[in-house]
Amino acid sequence: VDFLQARVRQLPDDVSGREQKVALLFQIIEIYQDPDKLPVEEMVIQNYKRIVQLSPTNARALDDLAQHYEDAHRWSELVGVLQKKIHLLQTEVDEADDAEVLLDLFHRVAALYIGKMSSESQAVPFLERILEIDPTNLEVVRTLRSIYKSKHNLERLYGTWERELQYLQGEARIGVLTELAVLATDKLYWHEAAIGHWEELLKHDETNEKASASLLQLYAQEELWDRYAGLLRSRLDYAQTRRRKVEILEKLGPVQLDRL
């Protein structure tokens, strides 16, 4: 080892010299890995790090270093190596194979931050990058939703429900629409968005009292009196008692008299 280390120090720092240094360092690693020679795990890692410094694109060194960190449960350092691999692949994502590898790396880093390092916030950028490549991955959308909910990031939380809604049809949309409508109405005060969601819910079920009541309140706040009156008229058809019909007409009368 001392002999090989001396040769590494003597070599120049030009391209050819760095290539020879890398080859010698791999020889040193083989000695430190061999249980019959000089097995020292920490020296294996240190020499892999030296190779990565000399040759940042050396896939073999990065892969082996990542494996050693994983075996040693050195999660923070493993993430650092995986991020180096991500950086190297960024310019090659036009190729399908590279995109798949990149996607796998994003998954690994996000899983490490969440499962091993209890750092959900740091996982978020990698989860978002997954969705840039694979926008239909609802498992990732729901993981982000859980994180945003725990962090009380209501706008991002709303965005996760919107993402999921894009891939749902028919009755499957109702639960997500309800979540969006409630968030937009009660938490974010996005009245225009809330109206759109409640109106779609009412199309799915014209007897939805929660949707009707919310729309009446929103129409009044936004002074959408034509829609307010139209909704009240439609409610008359579903009023099951004389008393309920009278209540609706008592609301409708002043609007028709003063607002329309």
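Just so you know, residue 1 is the first one in the sequence shown, and it goes up from there. Just so you know, these numbers use all the heavy atoms, side chains as well, and skip hydrogens, waters and symmetry mates.
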Requested in this report: Walk me through it: do Asp64 and Ile29 pass the test side chain to side chain contact (heavy atoms under 4.5 Å, CB included)?
Outcome: CA-CA 11 Å; Asp64 289 352; Ile29 287 169; over 6 Å; no
**Report entry** Derivation and outcome, side chain to side chain contact (heavy atoms under 4.5 Å, CB included), residues Glu164 and Arg142
**Finding:** CA-CA 9 Å; Glu164 184 166 351; Arg142 288 161 187 160; 2.8 Å; yes
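Among all heavy-atom pairs drawn from Glu199 and Leu215, the shortest one is CG-CD2, 3.8 Å. Considering every non-hydrogen atom in both Ala211 and Trp198, the closest pair reads CA-CE3, 3.5 Å. The two atoms that bring Lys21 and Leu11 nearest to each other are CE-O, 3.3 Å, heavy atoms only. Nearest heavy-atom pair, Tyr148 versus Glu128, reported as atom, atom and distance to 0.1 Å: OH-OE2, 2.7 Å. The minimum heavy-atom distance between Pro56 and Leu88, with the atom names listed, is O-CD1, 3.2 Å. Between Leu201 and Ile174, the shortest heavy-atom distance links the atoms CD2-O, 3.6 Å.
To the nearest 0.5 Å, atom CG of residue Leu168 and atom CG of residue Leu177 are 8.5 Å apart. Note that the CD1 atom of Ile147 and the OG atom of Ser150 stand 7.0 Å from one another [nearest 0.5 Å]. Expressed to the nearest 0.5 Å, how far NZ of Lys85 lies from CG of Asp63 amounts to 3.5 Å. Rounding to the nearest 0.5 angstrom, the gap separating the CZ atom in Arg233 from the CD atom in Gln256 is 4.5 Å. Separation of atoms CD (Glu162) and CG (Leu183) is listed at 10.5 Å; rounding is to 0.5 Å. Tyr113 contributes atom OH, which lies 11.0 Å from atom OG of Ser121 (distance to the nearest 0.5 angstrom).
Contact check for Glu120 versus Thr143: no side-chain heavy atoms found under the 4.5 Å cut-off. The closest side-chain heavy-atom distance from Val15 to Arg18 is below 4.5 Å. Contact check for Glu41 versus Asp71: no side-chain heavy atoms found under the 4.5 Å cut-off. Within the 4.5 Å cutoff, side-chain heavy atoms of Leu236 are placed close to those of Leu249. By the 4.5 Å heavy-atom criterion applied to side chains, Trp190 and Glu155 are counted as neighbours. The shortest side-chain heavy-atom distance between Arg156 and Lys151 does not fall under the 4.5 Å cut-off. Annotation: side chain of Leu131 is in contact with side chain of Asn137 (closest heavy-atom distance under 4.5 Å). Looking only at side-chain heavy atoms (C-beta outward), Glu222 and Glu192 stay at 4.5 Å or farther from each other.
Checking His68 against Gln33 by side-chain atom types alone, a donor-acceptor pair falls below 3.5 Å.
Within a 6.0 Å sphere centred on CG of Asp186, other residues, nucleotides and ligands contribute more than 12 heavy atoms. Atom CD of Glu209 has more than 12 neighbouring heavy atoms from other residues, nucleotides or ligands inside a 6.0 Å radius.
Ring-centre distance between Trp225 and Tyr228: below the 6.0 Å cut-off.
Using a cutoff of 4.0 Å between basic side-chain nitrogens and carboxylate oxygens, Glu132 and Arg129 are scored as salt-bridged. With respect to Glu70 and Arg108, a salt bridge is recorded, a charged nitrogen being found less than 4.0 Å from a carboxylate O. Between Arg74 and Glu42 there is a salt bridge, since at least one side-chain N of the basic residue sits less than 4.0 Å from a carboxylate O of the acidic one. Salt-bridge check for Arg244 with Glu247: passed, with a basic side-chain N closer than 4.0 Å to an acidic carboxylate O. A salt bridge is defined here as a Lys NZ or Arg NE, NH1 or NH2 lying under 4.0 Å from an Asp or Glu carboxylate O, and Lys37 with Glu30 fails to meet this definition.
Distance alone, capped at 3.5 Å, is enough to place a donor-acceptor pair between the Thr160 side chain and the Leu157 backbone. Checking side-chain atoms of Ser212 against main-chain N and O of Asn208 turns up a donor-acceptor pair under 3.5 Å.
Cluster membership for Ile195 and Tyr189, using ILVMFWY side-chain heavy atoms within less than 4.5 angstrom, is not shared. Taking hydrophobic clusters as Ile, Leu, Val, Met, Phe, Trp and Tyr residues chained together by side-chain heavy-atom distances below 4.5 Å, Ile28 shares a cluster with Phe3.
Between Tyr48 and Phe26, the two ring planes are perpendicular [angle over 60°; tilted spans 30° to 60°].
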